[in-house]
Amino acid sequence: MILMQVNNLMKSFGGSVLFQNIQIEIQTNDRIAIVGRNGAGKSTLLKILTEEIAYDEGEIYKPKELEIGYLAQHNDITSTKTIWDEMMTVFAHLQREEKELETFAAKIEEMSQQENYDDKLIHEYSRRQDQFAEDGGYRYESDVRGVLIGLGFTEEEFSFQISDLSGGQKTRLALGKLLLQQPDVLILDEPTNHLDIATLTWLETYLTSYPGAIVIVSHDRYFLDKIVNIVYEIAHKQTTKYHGSYSRFLEQKSLNYERDMKRYERQQKEIKDMEDFVQRNIARASTTKRAQSRRKQLNKMTKLDRPLGEESSASFSFDVAKTSGNDVLKIENYSFTHEGDREPLFSNINLTIHRGERVALIGENGIGKTTLLRALMVEDSAITLGSNVQIGYYAQEQEKLTDTNTVLNEVWDDFPHKTEENIRTVLGNFLFSGEDVLKHIHTLSGGEKARVALAKLMLLRANFLVLDEPTNHLDVMSKEVLENALQYYEGTVLFVSHDRYFINKITDKIAELTSSDLTVYLGDYDYYVDKKVEEAEIKKLEAEKVPQTAEVKTTPANMSFAEQKRLQSEQRKVERQIDEIETNIEKYETQIEALEMEMTKPEVFQDHEKLLELTKETDELKEKVEHLMEEWTELH
């Protein structure tokens, strides 16, 4: 079912067109990502869909009763309530109904004691009780508790006043309220901001089974890959639709560009050949008719536009001025306690990093990751830097930038031996050209400040980069440039990031920080996740171990022959069922892949009815796979 349709949408600011000819369709259970570089108009488009701002041209079709939930990028809850009480406002209608049902029950009880039964009243009570249960009346408190814990709030924090919370905590609460309200269309602008990796993983699982449609703007590519099945890219002021995950979108976009460029080049050669023929033969009596015919063909030909490539993005690389020793960093039994606190933030930290290693430091929000990075900048007996180590530090909030400086002076002040031309050239690589370099730091966006900081870091030529959330505020293209620069960097890297896609691309070690220690995993983020699952399973098995005396009673050797045969028969039956389910899942997934490939063909993409038919067929197959996966899990 189509929930919303956007046709030929156009929006301009100050006479400059932000985007035009925007086409978007949202259907029930769609998982849609809207992607594009910073400034393409992604957040503006979301605000138009939610009627927060007006558009200039085009049409938006949606049912009047459609419920839309919107999480803005900088959301804030203003409330005098506690966390728990604010979240419970979502279920005020169920709380009212609960009180009315209690009144019903008391009245029926009173009448029964008087042996005075009212069948109509009892029937009405039963009907409303069933509806109450169907609406979630017996589980809404556990739903609230589950969402709050999933979003990183402890039960002790449920009674905290909202007015005392940080901006990030308020944004998480706003997200929690939306998830509990379950609108028909959930629109999320950068929902992964302020979330640590554990909370991100929970949110991915929650959104996967969300009953409505979801539209997301996010720079978290790992998150998008887990959630979305449709991608709309805003580029060159218009949208292009792709079916599949974010990774599939990248592949398809590249293939489409290559295909369109080949078509364009082939036609250009054909046009040139025809023009040459006309020019050579138009004046000759014997060939003039053929030349005129070719000229008519040329005039009738529909000329292809040159495919639009990637829009300009930053271009840089990291170099080292001198090579460090093999041992770059050694931390031994390091602890940190905030001034005035009794308990340490973390303790017993041990870490060794060698030249050339790329180490990702991860852990819960507030555990002290930034604190540990900053500790490397000051002298401490527990922290030893190796010979010739020069640190290049990238701060998360760019607090080292001077607000009153221009972009040019901010960089030039740190590297006065460079000429103005040198500095302007470097800044040009980071997309600051012409008058842009005269902008003051305090007027820049988060992404622009990040690019200034990266420009300074590049010029430093340090051999040990210490990076605190380097991908924050960067658009996807800039992230990819940073990834490439770090992959070819010859020095050593220690960084904090919540961007799991970025971690996978860069790291060869994961260091997990807790309050009591630091554990190193030799691999990327996916390897770390696998090891954590393995550790959890081992812990669970150890906890479930029963005494040997209890085992003796239930081993097959102590069963009768008939019992053993029955058990073996049941096991074989379950194994056959599992094999059959796995075969069916593989068959359906192959069919889904074939359908999704079919939907990317231009002749299908432009045929609305055919596309709708294929989408419906794909959704049905995905539903079958989901049911089979549930059955497979139960059998295991």
Verdict with reasoning, E251 to R248, per salt bridge (charged side-chain N to carboxylate O under 4.0 Å, His left out): CA-CA 5 Å; E251 293 169 11; R248 174 69 183 151; 3.7 Å; yes
No-hydrogen, no-angle side-chain donor-acceptor test under 3.5 Å, D526 and N504: yes
No-hydrogen, no-angle side-chain donor-acceptor test under 3.5 Å, Q252 and N256: yes
Counting neighbours of [atom1] on [X] that are heavy atoms of other residues, nucleotides or ligands and sit closer than 6.0 Å, is the number greater than 12?
{"X": "E157", "atom1": "CD", "answer": "yes"}
{"X": "E535", "atom1": "CD", "answer": "yes"}
{"X": "K330", "atom1": "NZ", "answer": "no"}
{"X": "K226", "atom1": "NZ", "answer": "no"}
{"X": "E343", "atom1": "CD", "answer": "no"}
{"X": "E620", "atom1": "CD", "answer": "yes"}

Evaluation steps, side-chain contact (heavy atoms from CB on, under 4.5 Å), between I216 and F223: CA-CA 10 Å; I216 303 171; F223 177 76; 3.9 Å; yes
Judged by atom type as modelled, is there a donor-acceptor pair below 3.5 Å linking the side chain of [X] to the main-chain atoms of [Y]?
{"X": "N350", "Y": "N333", "answer": "yes"}
{"X": "K622", "Y": "Y588", "answer": "no"}
{"X": "D196", "Y": "N365", "answer": "yes"}
{"X": "H219", "Y": "L474", "answer": "yes"}
{"X": "K369", "Y": "L513", "answer": "no"}
{"X": "T507", "Y": "D524", "answer": "no"}
{"X": "K509", "Y": "V520", "answer": "no"}
{"X": "S218", "Y": "E190", "answer": "no"}
{"X": "N463", "Y": "Q390", "answer": "yes"}
{"X": "N229", "Y": "R31", "answer": "yes"}

Derivation and outcome, salt bridge (charged side-chain N to carboxylate O under 4.0 Å, His left out), residues K539 and E542: CA-CA 5 Å; K539 192 178 288 187; E542 288 175 348; over 6 Å; no
If I compare all heavy atoms of [X] with all of [Y], which pair ends up nearest, and what's the gap?
{"X": "I391", "Y": "A462", "value": "C-CB, 3.8 Å"}
{"X": "L179", "Y": "L186", "value": "CD2-CD2, 3.9 Å"}
{"X": "I367", "Y": "L345", "value": "O-CG, 3.5 Å"}
{"X": "I26", "Y": "A213", "value": "CG2-CB, 3.8 Å"}
{"X": "A455", "Y": "L427", "value": "CB-CD2, 4.4 Å"}
{"X": "D414", "Y": "K456", "value": "OD2-CE, 2.9 Å"}

NZ or CZ of R451 within 45° of F432 ring axis and under 6.0 Å: yes
Is there a side-chain contact between [X] and [Y], using heavy atoms and a 4.5 Å cut-off?
{"X": "F495", "Y": "I503", "result": "yes"}
{"X": "Y334", "Y": "L372", "result": "yes"}
{"X": "I230", "Y": "H243", "result": "yes"}
{"X": "L361", "Y": "L351", "result": "no"}
{"X": "L457", "Y": "L467", "result": "yes"}
{"X": "L180", "Y": "M87", "result": "yes"}
{"X": "I581", "Y": "N584", "result": "no"}
{"X": "V476", "Y": "Y501", "result": "no"}

Charged N to carboxylate O under 4.0 angstrom, [X] versus [Y]?
{"X": "K505", "Y": "E480", "answer": "no"}
{"X": "E537", "Y": "K540", "answer": "no"}
{"X": "R500", "Y": "E204", "answer": "yes"}

Contacts of type side chain to side chain contact (heavy atoms under 4.5 Å, CB included), residue D319, not counting sequence neighbours: R461
Qualifying residues under salt bridge (charged side-chain N to carboxylate O under 4.0 Å, His left out), relative to D499, sequence neighbours excluded: R221, K479
Rounded at 0.5 Å granularity, tell me how far [atom1] in [X] sits from [atom2] in [Y].
{"X": "E233", "Y": "I34", "atom1": "CD", "atom2": "CD1", "answer": "12.0 Å"}
{"X": "R37", "Y": "I234", "atom1": "CZ", "atom2": "CD1", "answer": "13.0 Å"}
{"X": "T208", "Y": "L203", "atom1": "OG1", "atom2": "CG", "answer": "9.0 Å"}

Y222-Y525 aromatic ring centre distance below 6.0 Å: yes
Single hit among L454, V411, V452 for side chain to side chain contact (heavy atoms under 4.5 Å, CB included) with F430: L454
Derivation and outcome, side-chain contact (heavy atoms from CB on, under 4.5 Å), residues F502 and L486: CA-CA 10 Å; F502 179 79; L486 290 174; 3.6 Å; yes
H338 and F336 aromatic ring geometry - parallel, tilted or perpendicular at 30°/60° bounds: perpendicular
